[in-house]
Amino acid sequence: MSQRLFGLTLFLLLVSHASAAGGPFAWLPIPLPAAVSHLGWQIGVLLLLPVLVVISWWLEETAHRLKRENNKPASSRHPKTKGGWTWGETAVTLPLAALSGLVLLRLRPETVYLGAMLALGWFVYLYLANHPTWQQNRLWRVLAVVLLVQGTVALAQFLLQRELGLAWLGEPALDLLVEGTSVAERNGQNWLRAYGLNSHPNQLGLLLMALCLLIWPNRHQANRWWRWLFCLDLIAGVVGLLVSLSRSAWVGLLLGGLVYAVHRRGKGPLHRREFALPLAILAAGVLLFALAYGDVMAGRLLGLDSPLESRSLWERQRDLGLAWQLLRERPFLGVGLGQYLAAATVLDPAAAQVHNVPLLIGAELGVVGLVLWLIFWLWPLWRYGRLASFAPATAVWVGLILMALVHPEPSLALPKGAVLWGVAAAQWVSPLHPSTPAPQLKQESRS
């Protein structure tokens, strides 16, 4: 039961956009205590799903433990695979635990939600780490459906140049005439970038890039129906990435693909069947998109001197400078958790969120927080990044790192960022092997 509930929870977290205006996690809001009701939070009953997962998980583990104790004489005659709880990979868990401790020390009533986001990342990470068989055989199917839905919605938004009326799933209002809507330039006119069911096109690019890299190792698994779904997912992912017009997500996907290619090349000649279909789909998608919307793509890739792109680049440079200034002024304590914008607007009233996750963490938590975050990034790469069996973990990890250096979305402070880091971290615990079963760390329920 816990596995089904976890799959549903993960699907809803990734397929929708959690916001006060809508989304599944705002349905049927729960009355909040007076102490926090003024903060503007809207908590729906579906936010209880992680609690139900934990309860059902505990009940299953209790039942398994009692069963093992009752069958102890029999099991002693027939040794089985060693089981038990795991805290995950040391290279991931230790720096993440240290960073979490620092965050908890700096929490305030108005920043409790940041602690909840951090707990969400831990929840996803530890559940997957303790269910390696489900991670290998079922996780990719949940991610595949999310990829198909998000890519399809993104394509429709791009073609229609408006939202699809999916506010009940958290789709934002998309109006080309409203300040703040993310657009590209086409023939001197604003052209809407696809959002999918996300808060920003770059978050869509981040999600699709990570999901493509995560489901790739499972391309040989399952039956013919799921293989057809894999092909559709690949098409949806490529198309969704293109219409997001997220340059860093394109580079992240190529970088992750290069990791797979390098690891596979180290084991022998590349199999044509492994790469022919994906490369054909990618090439066909890019070619068709370039033929139909080449001017939009050229505007994003080459038109960096246009007024729209020049303003965006200037604003990012300004915010990077402000973040560095805050870090230099308060290197040890930072400005406080969740207080970056308040501190930055004192220096410049037009300041926005800095597009660099390490700098954001450093500005808010000081040098200690920055160092812990960098250790969280680099320790698993240094320990396992060169091993072919950890290619899936390495590919998605470097893709997330690249995005986090130029965007604020791959953060543990945002729902999708926390979930993606949790899923990516779990790949270090149980590397996925398409041809061999994942190591069985514990006995699991089939329900």
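Closest of all the heavy-atom pairs between Leu241 and Leu208 is N-CD1, 3.5 Å. Nearest heavy-atom pair across Pro172 and Gly196 is CD-O, 4.4 Å. Taking both residues in full, the closest heavy atoms of Pro50 and Thr9 are given as CG-CG2, 4.1 Å, listed atom of the first, atom of the second, then distance. In terms of heavy atoms, Ala363 sits closest to Leu326 at CB-CB, 4.3 Å. For Leu126 against Thr86, the heavy-atom pair with the smallest separation is CD2-O, 4.2 Å. Across all their heavy atoms, Leu192 and Val183 have their closest contact at CA-CG1, 4.3 Å.
Of the possible donor and acceptor atoms, none in the side chain of Ser16 sits under 3.5 Å from a partner among the backbone N and O of Leu13. Without hydrogens or angle criteria, Gln427 side chain to Pro392 main chain gives no donor-acceptor distance under 3.5 Å. Between the side chain of Arg318 and the backbone N or O of Ala350, at least one donor-acceptor pair lies under 3.5 Å. Not one N or O on the side chain of Glu364 forms a donor-acceptor pair closer than 3.5 Å with the backbone of Val335. A donor-acceptor pair under 3.5 Å links the side-chain atoms of Ser56 to the main chain of Leu52, judged by distance alone. Between the side chain of Arg106 and the backbone N or O of Leu333 there is at least one donor-acceptor pair closer than 3.5 Å. Looking at Gln157, its side chain never comes within 3.5 Å of a backbone N or O of Glu163 through a donor-acceptor pair.
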When you look at Trp122 and Trp421, which way does the ring pair (Phe, Tyr, Trp, His ring centres under 6.0 Å) test go after all the steps? CA-CA 9 Å; Trp122 274 106; Trp421 279 116; over 10 Å; no
Full working for side-chain contact (heavy atoms from CB on, under 4.5 Å) between Leu341 and Gln353: CA-CA 6 Å; Leu341 273 180; Gln353 192 77 287; 4.3 Å; yes
Test Phe289 against Phe158 for ring pair (Phe, Tyr, Trp, His ring centres under 6.0 Å), laying out the working first. CA-CA 12 Å; Phe289 185 79; Phe158 187 82; 5.8 Å; yes
With side-chain contact (heavy atoms from CB on, under 4.5 Å) as the criterion, how do Leu347 and Gln325 come out once you've worked through the C-alpha distance, each side chain's angles and the decisive distance to 0.1 Å? CA-CA 9 Å; Leu347 301 176; Gln325 183 176 343; 3.7 Å; yes
side-chain contact (heavy atoms from CB on, under 4.5 Å) for Val371 and Val367? Distances and angles first, verdict last. CA-CA 6 Å; Val371 169; Val367 174; 4.0 Å; yes
Going through the distances and angles, do Val396 and Val259 end up as a side-chain contact (heavy atoms from CB on, under 4.5 Å)? CA-CA 9 Å; Val396 71; Val259 170; over 6 Å; no
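Proximity of Leu204 to Tyr195: side-chain heavy atoms (C-beta onward) are nowhere separated by under 4.5 Å. Under the 4.5 Å side-chain criterion, counting only non-hydrogen atoms from C-beta, His200 is in contact with Glu409. The closest side-chain heavy-atom distance from Val398 to Leu402 is not below 4.5 Å. Within the 4.5 Å cutoff, the side chain of Leu164 has heavy atoms near those of the Glu171 side chain. A 4.5 Å side-chain heavy-atom check between Val354 and Leu322 finds every atom pair outside the cut-off. At a threshold of 4.5 Å between non-hydrogen side-chain atoms, the residues Leu114 and Thr111 count as touching. Side-chain atoms of Leu405 and Val357, non-hydrogen and from C-beta on, never get closer than 4.5 Å to each other. Taking the side chain as every heavy atom from C-beta outward, Val53 and Phe123 approach each other to under 4.5 Å.
When the options Tyr125, Trp57, Trp85 are evaluated for a ring-ring contact (aromatic ring centres under 6.0 Å, His included) with His131, the one that passes is Trp57. Applying the side-chain contact (heavy atoms from CB on, under 4.5 Å) test between Asp233 and each of Leu148, Val238, Val146 identifies Leu148 as the sole match. Partner Leu99 forms a side-chain contact (heavy atoms from CB on, under 4.5 Å) with one of Leu118, Leu94, Leu365 and no other, that one being Leu365.
Note that OG1 of Thr90 and CH2 of Trp428 are 14.0 Å apart. Values are rounded to the nearest 0.5 Å. The CH2 atom of Trp27 lies 7.0 Å from the CG atom of Leu12; values are rounded to the nearest 0.5 Å. Interatomic distance, Phe11 CZ to Leu49 CG, rounded to the nearest 0.5 Å: 12.5 Å. Here the straight-line distance linking atom CG of Leu412 with atom CG of Leu120 works out to 9.5 Å at 0.5 Å rounding. To the nearest 0.5 angstrom, Leu143 atom CG is 6.0 Å from Leu10 atom CG. To the nearest 0.5 Å, atoms CZ (Arg247) and NE2 (His407) are separated by 8.0 Å.
With a 6.0 Å radius and a threshold of 12 heavy atoms from other residues, nucleotides or ligands, Trp379 has its CH2 atom above the threshold.
Side-chain polar atoms of Gln3 and Glu60 form no donor-acceptor pair below 3.5 angstrom. Under the 3.5 Å distance criterion, with hydrogens and angles disregarded, no donor-acceptor pair is assigned to the side chains of Asp175 and Thr181. Judged purely by distance below 3.5 Å, without hydrogens or angles, the side chains of Arg193 and Asn202 pair a donor atom with an acceptor atom. Donor-acceptor pairing under 3.5 Å is recorded for the side chains of Asn198 and Gln150. With hydrogens and angles left out, the side-chain atoms of Tyr384 and Ser389 include no donor and acceptor closer than 3.5 Å.
We find that Arg383 and Glu89 are joined by a salt bridge, their nearest charged nitrogen and carboxylate oxygen being less than 4.0 Å apart. Between Arg311 and Glu315 there is a salt bridge, since a side-chain N of the basic residue sits under 4.0 Å from a carboxylate O of the acidic one.
Ring geometry for Tyr127 against Phe6 counts as parallel: the plane angle stays under 30°, on a 0 to 90° scale with 60° as the upper cut.
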